[in-house]
Amino acid sequence: MPEQLQFFLKVLQKFPGATIGLLAKEADVSERMVKKYLKLLREQGTIRRIGSNRKGYWEITEE
């Protein structure tokens, strides 16, 4: 896994219920990159969304 993606995963672990805007700010990337990272991690099965888009959170399924 690329270093940038590992760092993003750590940010996501720290803020599982965060918005895309907050994740972008914390990871120091654009909102578009956050969406790309989330899509990639979902496709790999590394993360999954629990709950709704508004009130849900991200769960890391593997390290």
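- Clustering ILVMFWY residues whenever any of their side-chain heavy atoms sit less than 4.5 angstrom apart, transitively, puts Ile20 in the very cluster that holds Leu9.
- Taking OG1 of Thr19 as the reference point, atom CD of Glu31 lies at 7.5 Å (rounded to 0.5 Å).
- Contact annotation: the side chain of Leu38 approaches that of Phe8 to within less than 4.5 Å [non-hydrogen atoms, C-beta and beyond].
- Atom-to-atom distance recorded for Thr61:OG1 and Arg48:CZ is 7.5 Å, nearest 0.5 angstrom.
- Within the 4.5 Å cutoff, the side chain of Gln44 has heavy atoms near those of the Leu41 side chain.
- With hydrophobic clusters built from ILVMFWY side chains whose heavy atoms lie under 4.5 angstrom apart, Leu5 shares a cluster with Phe15.
- Side-chain N or O atoms of Arg42 include none that pairs as donor or acceptor with a backbone N or O of Gly45 at under 3.5 Å.
- Annotation for Glu43: atom CD counts as buried by contact number, over 12 foreign heavy atoms lying within 6.0 Å.
- Note that Arg49 lies in the cation-pi zone of Trp58, set by a 6.0 Å cut-off to the ring centre and a 45° limit from the axis.
- Glu59 places none of its side-chain heavy atoms less than 4.5 Å from the side chain of Ile47.
- A side-chain contact (heavy atoms from CB on, under 4.5 Å) with Val29 is found for one member of Val11, Leu23, Val34 and no other, namely Val34.
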